[in-house]
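Presented below is the structure to which this report refers.
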Amino acid sequence: MNSNLKPSNLVTISVLLTLSRLQNWVNAKSEVPCYFIFGDSISDNGNNNYLNTLAKVNYPPYGNNFPEGPTGRFTNGRTVHDFIVESLGFKNYMPPFAQLRGKDVINGVNYASGSAGILDETGKINMGARIPMNQQILQNHRAVVSKITKEMRNDPAASKKHLAKCIYAVQIGSNDYINNFFMPKFYDTSRRLTMPTFTNVLIQQLSQQLRILYDFGARKFAVFGLPLIGCTPNAVSVHGTDGKPCVEKINKAAGLFNEKLQLLVHQLNANLTSAKMTYLNPPGLPVDLSIFANAESCCEIGGGGGELCIRDSSPCSSPEKYIFWDGVHLTETHYKVIAESAYSCTSPSCAAPFNIQKLAKL
Ligand SMILES: *[C@@H]1O[C@H](CO)[C@@H](O)[C@H](O)[C@H]1NC(C)=O
């Protein structure tokens with residue numbers, strides 16, 4: 001009989017196996033315990049599937065390069081936050097708030113809703129139902145916070161401690177311009193306010209919303225600036241460009257919003273004790289659109305309000321060579337570029353004062 005297989009050695013082996021499993025589990029742990037997502041169609045992963053809206057993409061070819069197929073993600077594959085959550089070491093993507101039945105909320109939730117804005121009315125007249133930022137925070141996140149407190153045996157101190165370790169990703173504002181201010185046929189904001197005044201209104205609203213999140217226990221904020229919303233195939237075809245590659249007035253508005261947003265993040269960092277807030281600037285388009293061969297959409301557009309892929313249409317054969325998946329949203333390849341910049345970029349021009357990797361460690 002092999003003396004190595006004495007009962008005492010077997011105990012040792014089993015203890016070692018348990019320890020190594022524990023070690024694996026520790027290594028596999030995410031850099032933060034939880035990640036919450038607030039925003040619009042850039043981040044939505046299924047919340048709009050249940051709403052009466054034109055801003056809904058639970059049909060092919062959306063999700064063409066995603067393992068589960070069409071989920072409600074407004075792209076061919078993963079979103080910016082899917083990539084960030086992967087980098088942070090989570091095993092699963094954050095579940096959409098609309099699909100929480102029986103799911104655990106302790107690791108985070110995705111509240112984002114296509115066509116939603118900072119202002120409640122944004123997206124409503126031309127697209128239909130959506131979950132505006134106020135509702136994402138005041139109703140949906142409030143409900144999740146109480147659920148988490150319950151899961152922590154109704155211990156408010158434990159719940160507070162947990163919530164303070166989470167990252168709160170906020171990416172909102174594009175629709176307040178493209179599905180509100182720059183849509184005068186449906187919204188009167190541009191007749192009532194100048195663009196800089198409207199931008200101030202947005203920043204003031206967002207400031208209050210971030211403060212409410214702080215009051216709900218949020219401490220680590222990743223606040224994203226707007227991408228170049230004046231360069232999308234939809235903006236170009238609706239507004240025209242006067243021979244330029246992009247719609248300048250829309251990019252100018254997005255640029256001003258980003259400038260003021262970065263300032264707001266700086267002020268809130270100073271004013272809210274123990275807040276760790278960072279501003280992430282989406283990288284510019286990878287190449288000059290005027291010389292880029294594939295500046296048009298990968299899929300055949302005409303769905304939704306005219307800017308989304310047509311249901312069951314055949315997309316281009318190499319989406320990774322395209323910037324735009326549909327008339328307004330980027331391909332997975334370019335969402336990955338934005339995510340990688342937010343996670344690890346070390347220049348203040350893209351992450352100020354720090355990137356998400358650093359935010360996680362603070
Ligand atoms: C921060 O505090 C200063 C000084 O009290 C105040 O003037 C400013 O409005 C505050 N900013 C924000 C965004 O809360």
Side-chain angles (χ1 to χ4, degrees), residues 32 35-40 42-43 81 111-113 116-122 131-142 144-145 160-161 163-177 180-181 189 192-227 229 251-282 341-342 345 347-356 358-360 362:
V32 285
Y35 191 93
F36 292 98
I37 302 160
F38 300 83
D40 54 30
I42 298 174
S43 315
H81 299 286
Y111 304 102
S113 165
I118 293 168
L119 303 180
D120 288 342
E121 64 270 26
T122 289
I131 309 160
M133 192 58 173
N134 282 329
Q135 193 183 338
Q136 292 182 32
I137 299 172
L138 290 165
Q139 285 182 30
N140 300 354
H141 186 56
R142 186 196 294 272
V144 165
V145 167
K160 211 176 147 196
K161 199 171 160 203
L163 291 169
K165 290 185 201 154
C166 312
I167 288 180
Y168 298 77
V170 175
Q171 192 162 34
I172 190 109
S174 296
N175 290 313
D176 295 294
Y177 291 106
N180 187 332
F181 191 82
T189 42
R192 291 192 287 111
L193 305 169
T194 64
M195 185 277 280
T197 308
F198 180 72
T199 300
N200 283 339
V201 170
L202 296 183
I203 294 292
Q204 273 164 23
Q205 267 286 313
L206 187 54
S207 174
Q208 281 176 24
Q209 290 161 346
L210 293 172
R211 277 169 178 277
I212 295 167
L213 266 184
Y214 181 86
D215 291 339
F216 279 135
R219 291 297 176 267
K220 298 183 172 196
F221 297 82
V223 184
F224 287 75
L226 306 185
I229 49 178
N251 277 353
K252 208 172 142 201
L256 184 65
F257 177 90
N258 287 354
E259 228 174 85
K260 287 175 183 281
L261 181 58
Q262 188 167 350
L263 211 63
L264 173 69
V265 164
H266 184 74
Q267 283 188 5
L268 289 176
N269 259 337
N271 290 14
L272 302 175
T273 29
S274 68
K276 299 165 199 84
M277 205 176 274
T278 193
Y279 169 77
L280 289 323
N281 203 20
S341 164
C345 136
S347 153
S349 67
C350 42
F354 34 71
N355 59 36
I356 291 182
K358 172 99 185 284
L359 176 67
L362 292 175

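Start at 1 and go down the list; that is how both ligands and their atoms are numbered. This one's a predicted model, so the numbers in the text were calculated from it and none came from an experiment.
- There is a protein heavy atom less than 4.0 angstrom from atom 14 (O) of ligand 1.
- A donor-acceptor pair is defined here as one N or O able to donate and one able to accept, closer than 3.5 Å; such a pair exists between the side chain of Asp176 and the backbone of Leu119.
- Phe216 does not carry Arg142 over the face of its six-membered ring by the limits of under 6.0 Å from the centre and within 45° of the normal.
- A side-chain donor-acceptor contact under 3.5 Å links His81 and Tyr35.
- Near Arg211, with a cut-off below 4.0 Å to any heavy atom, the atoms of ligand 1 are 12 (C), 14 (O).
- Per-residue contacts place Gln267 under 4.0 angstrom from the following atoms of ligand 1 (heavy atoms of the residue considered): 11 (N), 12 (C), 13 (C).
- The shortest N/O to N/O separation between Ser207 and ligand 1 does not fall below 3.5 Å.
- A donor-acceptor pair under 3.5 Å is absent between the side-chain atoms of Asn175 and the main chain of Thr122, judged by distance alone.
- Counting heavy atoms only, Asn271 comes closest to atom 10 (C) of ligand 1 of the residues Val265, Ile203, Leu272, Asn271.
- Heavy-atom contacts of Leu264 reach the following atoms of ligand 1: 13 (C) (cutoff under 4.0 Å).
- Distance check for atom 4 (C) of ligand 1: every protein heavy atom is found at 4.0 Å or beyond.
- Checking Asn140 against Gln135 by side-chain atom types alone, no donor-acceptor pair falls below 3.5 Å.
- Each of the atoms 13 (C), 14 (O) of ligand 1 lies under 4.0 Å from some heavy atom of Leu268.
- Here the side chain of Gln136 pairs a donor or acceptor atom with the backbone of Gly39 at under 3.5 angstrom.
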